[in-house]
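A quick write-up on the structure given underneath.
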Amino acid sequence: MRASERTGRLGVGIIGAGHVGPVLGAALAGAGHAIVGISAISAESRDRAEAMLPDVPVLTIPEIVERSELVLLAVPTAELPALIAGLAETSTWQMGQLVLHTAAEYGVDVFAPARAAGVIPLAVHPALSFSGTSIDIARLAGTHFAVTAPTPVLPIAQALVVEMGGEPVVVAEADRAAYAEAIETASTFSTAIVDQATGILAGIGIEAPGRLLAPLVRTSVDNALTRAGGIAPD
């Protein structure tokens, strides 16, 4: 008997044990869903899966798809289209199965080969820089997730985000590329600027330059977000 038949919850399989998949899996488990398996190849990814999802079996990708009502694809963006198409070519997808990817730049069009097999496509991207540790679970609270899905199943994607503690924001299929550009710009430039500034301070002999800059960087970002209407001022 499947998880949904027992408790109204889903049996969730996770493909990808990088920084994102195990964290979202742990959040879904915390909401009562049953994690049926996770794919992990490297020793590092296996260790991460064991730390974040103890007692969850490491399975092959076809095994995960076969056993899951919701398949969470948390793989590098460049690998996503080939993975979806490959599983379609081998007739692995199941009719009526929920499939969710976490790539910023794709909506649900990338699921075209799988949709022909009858899957229900969901595109859900958390706007968060993940560490891949349990710290991220608390950080999910209040994090905004870009959600793209066909109108009839959009509430399913939104509900899953809320269950993980996040705030769903609907992004149209045509706008996913622009959304991804904004996310990449914010993460890349903020990282580069902090690296440059700490490097300069380290070069003049200041120890732990990150600690020195932390209050400045946080308040500068908060002020910029306030001006942009992102957060409420104190």
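Keep in mind it's a predicted model, so treat the numbers as computed, not measured. Each residue takes its place number in the sequence, starting with 1.
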Is Val58 reachable from Leu24 through a run of I, L, V, M, F, W or Y residues, each pair having side-chain heavy atoms under 4.5 Å apart? yes

Side-chain heavy atoms of Leu122 within contact of Leu98, under 4.5 Å: yes

Between the main-chain N or O of Leu28 and the side-chain N or O of Glu163, is there a donor-acceptor pair closer than 3.5 Å? no

Do Val56 and Val36 share a hydrophobic cluster (ILVMFWY, side-chain heavy atoms under 4.5 Å, transitive)? no

Is there side-chain contact between Leu128 and Arg139, with at least one heavy-atom pair below 4.5 Å? yes

Please tell me whether Leu70 and Val153 are part of a single hydrophobic cluster in this structure, the criterion being side-chain heavy atoms less than 4.5 Å apart. yes

Are the side chain of Thr102 and the backbone of Val124 linked by a donor-acceptor contact shorter than 3.5 Å? no

Whether the side chain of Arg115 engages the backbone of Ile120 through a donor-acceptor N/O pair (distance < 3.5 Å, no angle test) should be reported. no

Taking all non-hydrogen atoms of both residues into account, name the closest pair between Ala26 and Ile137 and its distance. CB-CD1, 3.6 Å

If you measure from the Lys or Arg side-chain nitrogens to the Asp or Glu carboxylate oxygens, is any gap between Glu50 and Arg46 under 4.0 Å? no

How long is the span from the CZ atom in Phe189 to the CD atom in Glu184, to the nearest 0.5 Å? 9.5 Å

Looking at every heavy atom in both Ala197 and Leu213, which two are closest together, and how far apart are they? CB-CD1, 3.6 Å

Under the 3.5 angstrom rule, does the side chain of Thr148 hit a backbone N or O of Val171 as a donor-acceptor pair? yes

For Ile84 and Ala114, the nearest pair of non-hydrogen atoms, with its separation, is CG2-CB, 3.8 Å

Measure up the Phe111 and His101 rings against each other and bin them: parallel (under 30°), tilted (30 to 60°), perpendicular (over 60°). tilted

Check whether any side-chain heavy atom of Thr92 lies under 4.5 Å from a side-chain heavy atom of Ile61, and answer yes or no. no

Return yes if some donor-acceptor pair links the side-chain N/O of Arg48 with the main-chain N/O of Gly21 below 3.5 Å, else return no. no

CD1 of Ile200 to CG of Asp195, rounded to nearest 0.5 Å, is 11.0 Å

Which heavy atom in Pro121 sits nearest to a heavy atom in Pro150, and how many Å separate them? O-CD, 3.4 Å

Co-membership, hydrophobic cluster, residues Ile156 and Ile14, 4.5 Å side-chain: yes

Under 3.5 Å: donor-acceptor pair, side chain of Gln94, backbone of Val65: yes

Just by distance, do the side chain of Ser190 and the backbone of Ser187 share a donor-acceptor pair under 3.5 Å? yes

Do Leu160 and His33 come close enough that some side-chain heavy atom pair is under 4.5 Å? yes

Within-4.5 Å side-chain heavy-atom neighbours: Gln158 and Val170: yes

For Ile41, is the CD1 atom crowded, meaning more than 12 foreign heavy atoms sit under 6.0 Å from it? no

Ile193 reachable from Leu216 in the ILVMFWY side-chain graph, under 4.5 Å edges: no

As an exercise, state the distance from CD1 of Ile15 to CG of Leu100, rounded to the nearest 0.5 Å. 11.5 Å

Kindly give the heavy-atom pair with the smallest separation between Met164 and Ala27, and that separation in Å. CG-CB, 3.8 Å

Distance col, row Arg211:CZ vs Leu201:CG, nearest 0.5 angstrom, shows 13.0 Å

Minimal heavy-atom distance between Val12 and Ser68, with the atoms involved, is C-OG, 3.9 Å

ring-ring contact (aromatic ring centres under 6.0 Å, His included), paired with His125, selected from Tyr179, Phe130, Tyr106: Tyr179

Nearest 0.5 Å, what's the OG1-CD distance between Thr191 and Gln196? 13.0 Å

With side chains defined as the heavy atoms from C-beta onward, is the minimum distance between Leu140 and Asp136 less than 4.5 Å? no

Donor-acceptor pair, distance only, cut-off 3.5 Å: does the side chain of Gln97 make one with the backbone of Val71? no

